[in-house]
Amino acid sequence: MIKAFIVVNNHAMVRLCRFYEQLGVDKQTELCQTVYKLVTSRPDHLCSFVDDEKTFGPDTKLVYRHFATLYFCILSDRSESELAMLDLIQVYVETLDKVFENVCELDLIFNSPKAYTVLDETVVGGLVLEISTNKILNVYDQLMKLEKMHSSLMDKIAIS
Amino acid sequence: MTSYYDRARGSVAIGGSLGSGDKTKMAASRLFQKSLRDMITGIRAHKDGQREFINKCLVDVRTEVQSSDVRTKAVAIEKATYLHSLGHSMHWASFHVVELMSTQNVKYKRVGYLAASQSFGDDTDVVLLIPNLLKKDLASPNPAEAALALTCLGNIVTPELSQTLVADVYSLLNNHKPDLRRRACLCLYKCFLRYPEALRPSFTRLTECLDDDDQSVVQAAVTVLSELAMHNPKTYLPLAPKFYKLLTSSSSNWMTIKLVKVFGALAPLEPRLAKKLAGPISEILETTSAKSLMYECVRTAVMGMTSQEKVIRQAVDKLKDMLEDHDPNIKFLALHALTYLLDSHPRIVAEHKGNIFECLDHEDSNIQYCALKIVCGLVTKRTLIDTTSVLMNCMGKADQRFRDELVSSVIRICMNERYALVTDFVWYLSVLADLIRVPCSSHGALIGEQIIDVCLRVEVIREAAVGILAPLLLDVSLLEPSNVNKTVPSALKAVAWVVGEYAHHIVDHEEILDALLNPAVKQLPGDAQAVYVQAIFKVYASAVLNYSRGIRPTGAVGALPAPEPLIDISVDDDTAAASGAARDGAGVTPGTLVPESEDLIELRDKVSRRIEPLTTSFNLEVRERSCQLQKMLGIVGAAERSEPGSGIAIIEAFATVMSDEIQPVSVKAQRKIEVPAELLDDEPMSAEWDYLLVSSDEEEDDEYASRKGKKKGKKSKSKDKMSKDLREVAEIFGAKKTKEQVAREERESREMLAKHKEKMGQYYLEGETGADKEKKKGPPKSLPGPESAAMLALEARLASHAVGQTERPAIKGESDSESEEEEQVIAVKKGKSYDPKNASSRLHGELEAYNPLKPLERNEHLPTVEAYPRFDPYSQDEAAFNAFAPSGGDARSHHKDKKDKKKRDKKKKDKGAGGEDGESKEKKPKKEKGAGEKKSGGTKKKSGEKKTVDVDALAQSLMDAKV
């Protein structure tokens, strides 16, 4: 199971985080900072896995990937495959790229609700729902269409 | 601002397009509300005063969120969610989030759900309000809404939510939309985790999902079942055939990975499985192009299929390619997989030695550590020397942390299982000597221990040991107090001891003495200096003995005094004994006296001169030993002057005593010695003391009892007893007190107790009444001042122990083992920064209790929404909301008979809320019920006040529940 999904930039600013296990806000911030310190202390040409029992406790591994200014990090337990987690990050970033058309950090800052929606279409409660970019996009587009329709409908009702 | 606002309001009113004031207000609030984008831009612009700006935004959001306009509210919640992600908790907005979740508009609903997913947790109180809302949305004809609810539930599920809603989620498994079916599958897993009872009734249906027509549903079911099986493989072994079928037919890489992974956990438990799996796994290994899938196959093979040589071969071939890969990820994983083979196929792993050794120099510490682990696991008697030299070579290039790890690994592989692998101890000693020189090492003490251990145990290497270790003493650079030599002194201490102890093997005594007397020695820590001083004496004595033996033609033995009395002397006070020995030695020595040579006089002078600085050391040990040495040398000099050769005789006598080497003694040796008949170890030492011992024993028992008793709420009793004992002990020690004294002390202690109660009232189990009672009874007759203070302190500690166990410092061996273990666990937990309240690993422990494959019991019906154990969040809360409780927990006992339930439902409908109250009356005390009614009335009123369209829906859902 995925325990947490964190996106943090080069300057320790958390751009997106979702925790699939109960954690207080303080603990969440603390964890984000620990993860940030761990990933930034490792140059890019090193491997993307960190097994640090002292910081994360037993049965928790960190898989991360560095894209431009952002680190995409996943904390998971032993039942997830490391390489599959890297694929998942790839899928997520690709999807974001299509949703935002050339995604950059600013997109994540200003449109975090969209990014969260995409994440929710990919991972549900820590389990992977879909790993095909196209399918995620389809669902996302349908959702947006539905919302638009619904909104205009509601507006019409309000006006009338 | 205000004026503009008024004007705007006025103009709109004049325009007349919106009639009511409410609507104007709405429009205005929309007009002046900062959008999410504005706020983020603002935060980014205020680089300096960011904190204040955010605080201002929070204030704005707090007011906006109250707005009756949905759009304003939604934007406010969006902003609050953003601020939440920056670390500003939005727990205050939870009620508004629930309001937003209940709107009709999907867009705003989504904002609400997103905020809930982000901010709701086990401790959010509104979770009591959302079950009905989620229930409604889960059953919504709009699949988007149901999907939203499922996703949100998956993220925020609590045991209560799970209990209430698991039936609804379950029923979605039968939905005609595959999308909802797969989401329901995933959501169910989270429900199981928080409410394990739900697993058994839904398990059959869940396994049926493995045969679903839609691949995505199958994939979701595989995900859930494999997740369950990974944590508790034994229980899910019967699922293996189904998994196997899917493995051979699966087309999705993702699902195949999951299946292969689950087989990795199942295969070690069932040997036949490995044989069956060999075919498909080797086929996948052959055909797949996806590295992730291939790696999982390899891992499954090395973990659970070690009996299948062919597959292992194939897997190891793949691993070889991976090891040579340039991608550090692949390299690391390959090494990781190899560690599994260490036990079963060390030969196969050894084939890749070259690659693995290369990895020791890799830049990535993960890869280095993993490689080191394999290297250490591969070592045999034959390869020990080569491997060690490779590891030693690596130390030069490695960074500090890894170098330390290398040092400790070298020592560990050598010392393991009582030096099982070491055949040449001279070699090992030279390795240890080299390890001392490793800069910045933190294992000096360990090396020192090893040096002494090896020298003591292996007699034959002692001569070589002196030869190997002496150069270390001569090396002045090791004495420098710098970070590089951080732990070298503890190793030098051992070196000095060994060289001193086996001083008769020294070739050039003068050289060694020079090194030991080096002024830089003063920079070593005190304990090392003390050993140095002792070594100086030993080496000097050995030098003298060497000389006299060389001169005396007939051999040493005859010339020496008998050792018997000398042993006593050496045990006694040294200085006094030395002078005694001087006289005795001079008198007793039967052989010829050898006068001191020029060289020896010079040597003696040098030692006593250069030991001088140490005689003023602040370390008592060093000072004492050096003073003794100096004095002794003075006595030798005096004796030598009065009669040439008698001084030498003294030293000779000492040298003989010291030449008795310490021999290794087995730990069990003590057992072999018989207890002398005259030693009565059961007899009491004295009657008086015995009494003291008894009383202190009781005290300990009481302390223990009081701690235990505390948990049961019997504190005051044990406290009385304890204080009584304390008083008894006090009476034994102290003189008898006058009545006034006793009275005064009593008063004092009572005051202190009262004060303490005032301060630490929360820790006292019995509230006011208990305290009163105690007053009436009076605190135990006399609580002497200081003791009572100590007792109060103890009590406070005990109290805090009961309230928050973590506050109590862990002292090993202080209490019974049970609580110690507990504390250790807590200590470990505290140390972690990542410690979620519902760590899945812990939750899986609970899941284990529910074997999903056991046939359902008679009252455990196949699950339908109605038959599901229903949970009513309101009933648990002291019946606070029992007005709309659908009869809470007792539904569970009734659900075995559906008909009965229906009947009851009908009855309920007839009677309405009143009937229900009647039902609950039997169970709940009147007082509680009254409070419940009052409170429920309050909520009703509260929800009634909100008359906007959106909140109506919420209220409606609440009312629904009531009927």
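Reminder, nothing fancy here: chain letters follow the sequence lines and each chain counts from 1.
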Tell me, for [X] versus chain B, whether the close heavy atoms (under 4.5 Å) come from the side chain, the backbone, both or neither.
{"X": "L127(A)", "result": "both"}
{"X": "M13(A)", "result": "neither"}
{"X": "D26(A)", "result": "neither"}
{"X": "I157(A)", "result": "neither"}
{"X": "V139(A)", "result": "side chain"}
{"X": "L153(A)", "result": "neither"}
{"X": "R78(A)", "result": "both"}

Portion of [X] that has a non-hydrogen atom of chain A nearer than 4.5 angstrom:
{"X": "I156(B)", "value": "backbone"}
{"X": "Y108(B)", "value": "neither"}
{"X": "S226(B)", "value": "neither"}
{"X": "D327(B)", "value": "neither"}
{"X": "E296(B)", "value": "side chain"}
{"X": "I257(B)", "value": "side chain"}

Quick one: does [X]'s side chain have a donor or acceptor within less than 3.5 Å of a partner on [Y]'s backbone?
{"X": "E227(B)", "Y": "S79(A)", "result": "no"}
{"X": "R182(B)", "Y": "L129(A)", "result": "yes"}
{"X": "K107(B)", "Y": "E147(A)", "result": "no"}
{"X": "E82(A)", "Y": "N329(B)", "result": "no"}
{"X": "K258(B)", "Y": "E80(A)", "result": "no"}

At their closest point, which heavy atom of [X] faces which heavy atom of [Y], and how far apart are they?
{"X": "C17(A)", "Y": "Q118(B)", "answer": "O-NE2, 3.1 Å"}
{"X": "L186(B)", "Y": "V128(A)", "answer": "CD1-O, 3.8 Å"}
{"X": "L143(A)", "Y": "A144(B)", "answer": "CD1-CB, 4.1 Å"}
{"X": "S292(B)", "Y": "D87(A)", "answer": "OG-OD2, 3.6 Å"}
{"X": "I131(A)", "Y": "Q219(B)", "answer": "CG1-NE2, 4.2 Å"}
{"X": "Q22(A)", "Y": "D122(B)", "answer": "OE1-N, 2.9 Å"}

Spatial distance of atom [atom1] ([X]) from atom [atom2] ([Y]) [nearest 0.5 Å]:
{"X": "S48(A)", "Y": "F332(B)", "atom1": "OG", "atom2": "CZ", "answer": "10.5 Å"}
{"X": "I109(A)", "Y": "L36(B)", "atom1": "CD1", "atom2": "CG", "answer": "11.5 Å"}
{"X": "N366(B)", "Y": "R42(A)", "atom1": "CG", "atom2": "CZ", "answer": "4.5 Å"}
{"X": "S117(B)", "Y": "Y20(A)", "atom1": "OG", "atom2": "OH", "answer": "9.0 Å"}
{"X": "M294(B)", "Y": "L83(A)", "atom1": "CE", "atom2": "CG", "answer": "8.5 Å"}
{"X": "L46(A)", "Y": "K331(B)", "atom1": "CG", "atom2": "NZ", "answer": "12.5 Å"}

- Kindly determine whether L106(A) and R44(B) satisfy side chain to side chain contact (heavy atoms under 4.5 Å, CB included), including the steps that lead there. CA-CA 11 Å; L106(A) 284 177; R44(B) 287 164 66 79; 3.4 Å; yes

- Message: In the structure I gave you, are the side-chain heavy atoms of F110(A) and T41(B) within less than 4.5 Å of one another anywhere?
- Response: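 F110(A) vs T41(B): side chains touch.
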
- Message: Any non-hydrogen side-chain atom of H45(A) less than 4.5 Å from a side-chain atom of D364(B)?
- Response: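 They are not in side-chain contact.
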
- Test log, rule side chain to side chain contact (heavy atoms under 4.5 Å, CB included), inputs V25(A) and H91(B): CA-CA 10 Å; V25(A) 180; H91(B) 61 93; over 6 Å; no

- Task: Test V106(B) against L146(A) for side chain to side chain contact (heavy atoms under 4.5 Å, CB included), laying out the working first.
- Result: CA-CA 8 Å; V106(B) 182; L146(A) 183 90; 4.3 Å; yes

- Task: Show your working on side chain to side chain contact (heavy atoms under 4.5 Å, CB included) between Y116(A) and S85(B) and close with a plain yes or no.
- Result: CA-CA 12 Å; Y116(A) 277 114; S85(B) 75; 4.3 Å; yes

- Message: When you compare the side chains of T151(B) and D120(A), does any donor N or O come within less than 3.5 Å of an acceptor on the partner?
- Response: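 No - no donor-acceptor pair under 3.5 Å links their side chains.
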
- Task: Would you tell me whether H336(B) and D51(A) have side-chain atoms, one donor and one acceptor, within less than 3.5 Å of each other?
- Result: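 No, no side-chain donor-acceptor pair sits under 3.5 Å.
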
- Hey, which of K109(B), R183(B), K291(B), E78(B) has the most heavy atom pairs under 4.5 Å with chain A?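 The candidate making the most pairs under 4.5 Å is R183(B).
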
- Message: Counting heavy-atom pairs closer than 4.5 Å to chain A, which one of E363(B), K261(B), M230(B) comes out on top?
- Response: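 Of E363(B), K261(B), M230(B), K261(B) has the most heavy-atom pairs under 4.5 Å with chain A.
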
- Flag if over 12 foreign heavy atoms under 6.0 Å of NE2, H326(B):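 For H326(B), atom NE2 is not crowded (no more than 12 foreign heavy atoms under 6.0 Å).
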
